Amino acid sequence: MLGTRELEINLGPQHPSTHGVLRVKLKLDGETIVESDPVIGYLHRGCEKLGENRNYIQTEVYTDRMDYIAAINENLVYIEAVEKLLGVEAAPRAQYMRVILAELQRIASHLVWLATHALDIGAMSVFLYCFREREAILDLIEGYCGARLTTNAIRAGGMRLDFPDGWTGAAKDFCDEFPARLKEYDTLLKTNRIWMGRTKDIGVISGEKALSYGITGPCLRASGVNYDVRKAMPYEVYSEMEFDVPLGSVGDTYDRYLVRLEEMRQSRLIVLQALAKMPEGPVMNKVPKRIKPPAGEVYVVNEGPRGELGVYLVSNGTDTAERCRFKSPCFVNLQALPELAKGHMVADIVALIGTLDIVLGCIDR
Amino acid sequence: MATTEPPEENGSVEQAPTSAALDRLLAAMPDAVVESEFQRGAPIARVAPARLLEVMTFLRDDPACRFELLSDLCGMDLGMVRPDGERFDVVYHLYSVEHSHVLTVKTAVADGTDAPSVTGIWLTANWHEREAFDMFGIGFAGHPDLRRILMPDEFDAFPLRKDFPLEGREKDHGYWRQPGDDDRYTYVAEPPEKK
Amino acid sequence: MTEVSLPLFLVFAAVGVFGAVMMVTRTQPVHSALYLVLTLFSVAAIYVLLHAEFLAVVQILVYAGGIMVLFLFVIFLVRPPVPGEARWHGGRHVLLSAGLAVILACALGWHFLESAPAAAGNPSALLEGGNMEQVSMTLFRYYILPFETVSILLLVSMIGAIALARKGEGV
Amino acid sequence: MKEQLIQYLAVPMLQIAAIIGVMLLCVMYLVLWERKLIAFMQVRMGPMRVGYHGLLQPIADVVKLLLKEDVVPKAADRWVHLISPIILMIPALACFAVIPFTGTSFEVGAFTIPLVNYDVPALTVTSWVADLNIGLLYFLAISSLGVYGLVLAGWSSNSKYSMLGSLRSAAQMISYEVPLGLSIVAILMLSGTASLVGIVEAQQEAGHWWLFWAPLGVPLLWPQFIGLFLYFVAAVAETNRAPFDLPEAETELVAGFHTEYSGMKFAFMFLAEYLNMILAALIVSVLFLGGWLPVTFGIPGLSELFGNFLPFLGGAGAAITGFFWLALKVFLVLTVYLWLRATFPRYRYDQLMSLGWKWLIPMGLAHVMVTALFMLLRG
């Protein structure tokens, strides 16, 4: 019979739907993926090395540049690690502020995910709708700290400044308007036959396998494993917040879509609760000007929009960390791509890269 | 939860921290654990490389431990801190979804020797070990595909080692560093003339 | 319009023959396929000159629009684009095919010389108007049995081909 | 002989020139309309800079494309790379030959071209270049040739992404040709002719558009909605538009078959795509929506009024009116076309195939049979 050869194609590092400089080596049989091998490192900037050569305050700036879609979450986890190393706590009002900002950032990050994911699958309008809402959040974030993406908003011991006048009202307005916008996305996608055809049963992964792969965040919860750091090991004031952790049952791309959409709703609820409960008072506790934590080590994890963000800091008693390790959820999640993609078609690989919600800055660090 | 503050945030020294998982490990395999301690309330167990796989398999499968998630795996260069001992530590951060507890496992590796690979226990270790190899040059015996991951394939050093200069070497990635006017460097294909 | 159609016929016939020759002599299969399309077009044009517009259109629709695209498809799939991979097979093949061509030409020529006068005198008389009704009458009224037999035969061979192709997959 | 020469050579040449000119203009503004419409749907502005609300944007685009460097990949098959955009363009333009733009023909009296003192005899000018009795088949046959352009463009670029794009388009075109053909069989049966002019005239005779065909005198018992739906879906797929734009799926294949094209050649491919869209809309209007007949057609009183709303222009008025109604219908169909793009995600290759073969073709067959049954019952 006629033999067909496997076709090798190189997806990226310059490709419209690899969300940055990811490169995936694909082996195709017709349009079916036989093998895929993600190649990363194109955005490697040595954040860990820098973290071991700069002092604790300087290093926070680098955390912005890792997961640049969700900089506040990266700031937060790093500062928590520093605080824990120092043995200080954030001021109570600051803790609420952190939760509000982190949850707004989570919504913004999920919006970018939905936008790009939908665009990858060809739904162009969703992209623009999502960016409209994200812009509103970025305006809020900019209104607080002056920067849209590289926020550097959080300080050890609390927050640098209180919310400006009228900020909480604007945040509340956004939260009031947001459900209607989410409904708009649902009309376009949730029961759209093409959308369901493109996402259902694509990249199915069982909860057990996902855990073994170390997948965390919405991708893990879509496979039915109830692990959310905000519930499992509450940090800041999450223990006072009432919210649900949405779980999927199948573990396919559609479930991951549903889980993330529900997370946006829950995040909105958290923001509203935190806004209501936020006490008055100072936003900064007393913290020495030069941060020189006693020797020792901490490993702190947070629930980032993409999964479990980890920071491992080892102090040697000076103002510079002996070891500064950033654990990236994207790095871990991307590792499962070959497993998810096997047997699917070329068109699905972009859906899968989208569903893993990767940020190359976070992967390569 | 009784207190509004989660216990891990306290980090108070007066309260003696405890860990059921560490106790269970010490009870089941006392000879495997070289040393155990608490750092800011978190349990840490140091294990000899020879017993590592055994310990890790136990930690994953034992019903009282059930560490299904290898949260992080990283290398660490202790060349300055521990000049006489093994140069590297490999640090494993474990988490159990079932019991919601954590444990940090460490193992010491000398320069040029391999740590055992835990890829057979957690699939996620694959890339983490590649990264540790890429950054520190720590080998992992039994790893299915140990090659560089973040640095280019032809790179011949290990950038996170303490002796690797922050600003890079004279010649990296095939290009030579040439001092420019304002404290910045330019990179050229030919070796710059020494003045 | 006979005075116009003769030179046109000559032009199209020449293009057709040119396409056929080029098709056989190209080493790049995709180029061969393109020249074959050219030939098919010239034949379609000649049909139009004979007032058989329906046949002409069907010729383009089926052969050029359908079958040749499938050909290209197969060429692409089986042979990834490596230009100049095919080579000229040399003497024996040329002799053999030239001989066959001569025999075929003789047979056709003899046939036309024997039976031509009746039909060739007025080709449009064969297909009055050359329109759809004429063709469908012929196919579906006078020759319905052979037509259906042929289609069943084709269907059977198609199923057979699929079965052979998927043998390894245990279908 | 001279009369014949002018009637059969000079007039069609002028018609062809006019059609090409008008159509290129239409394409330019169709692109602008697409950008504006989709921008409106996506809460943004669209082109605003060139001219009032971007009205001159198409001209700027054309100039840009004309001035762009024409890049040919080193490993490309230069000749095939050059001719494939042309192969795409020719069928797209050739199809317009059989389209009736309006019903009434003009009588042009004999006149003399000044300067050269050339006497032109009295002529009849129609709105179509040729009224073939196999017009619809001609359209199908010629439009099926466009696939060569796509396939060869992808192949000759010698790029894997282009190649995948052209393989997809070949498969897609072949698969959707069948439902496309099936969807118009019912119209052929109803009209009893394959001439596009004849089809509109048959609708005029029947007193309603074929879309509202009422078998056995019962309105909406088995209207041609299904045929229209089938035709429209197949036509969207044939023209590689969203949600069937797989051959150029930008998020998977970068730009599919035209990844390696730039400048004028790219402009040709772009033109051909939009010409094909206009063609599909024209065919929908002619087959199902009564061509040049007014939209009020079938409503007593109104249809006469709107059949020629420029009565003071006489025959020319009727012709212009007919043209207006056809243009309106085409515009509406095209708007639906663009709307799809703003709404739907993209199909996957295998889903596209199964939609074509497992749904559209059986539906098309059933549609033909039911229509035939009703026609038989009517006797």
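Bear in mind the structure is a predicted one, so any value in this text is a computation, not a measurement. Below, chains carry the letters A, B, ... as their sequence lines are ordered, and counting in each starts from 1.
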Next on the checklist: Please determine whether side-chain contact (heavy atoms from CB on, under 4.5 Å) holds for the pair C/L34 and D/L152, giving the CA-CA distance in whole Å, both sets of side-chain angles, and the decisive distance to 0.1 Å.
Outcome noted: CA-CA 9 Å; C/L34 281 182; D/L152 293 173; 3.3 Å; yes

Checklist entry - Is D/Y138 close to C/L61 at the side-chain level, that is, under 4.5 Å between some pair of heavy atoms? => result no

Checklist entry - Do D/W79 and C/H31 come close enough that some side-chain heavy atom pair is under 4.5 Å? => result no

Checklist entry - Around atom CE of D/M189, are there more than 12 heavy atoms of other residues, nucleotides or ligands at under 6.0 Å? => result yes

Checklist entry - Should we count OH of C/Y63 as having more than 12 external heavy atoms under 6.0 Å? => result no

Item to check | Part of C/V58 lying under 4.5 Å from any heavy atom of chain D | outcome: neither

Checklist entry - Is the backbone of C/A64 close enough, under 3.5 Å, to the side chain of D/Y148 for a donor and an acceptor to pair up by distance? => result yes

Item to check | Under 4.5 Å from any heavy atom of chain C - which part of D/V151 | outcome: both

Item to check | chain C contact via D/L137 - side chain, backbone, both or neither, heavy atoms under 4.5 Å | outcome: both

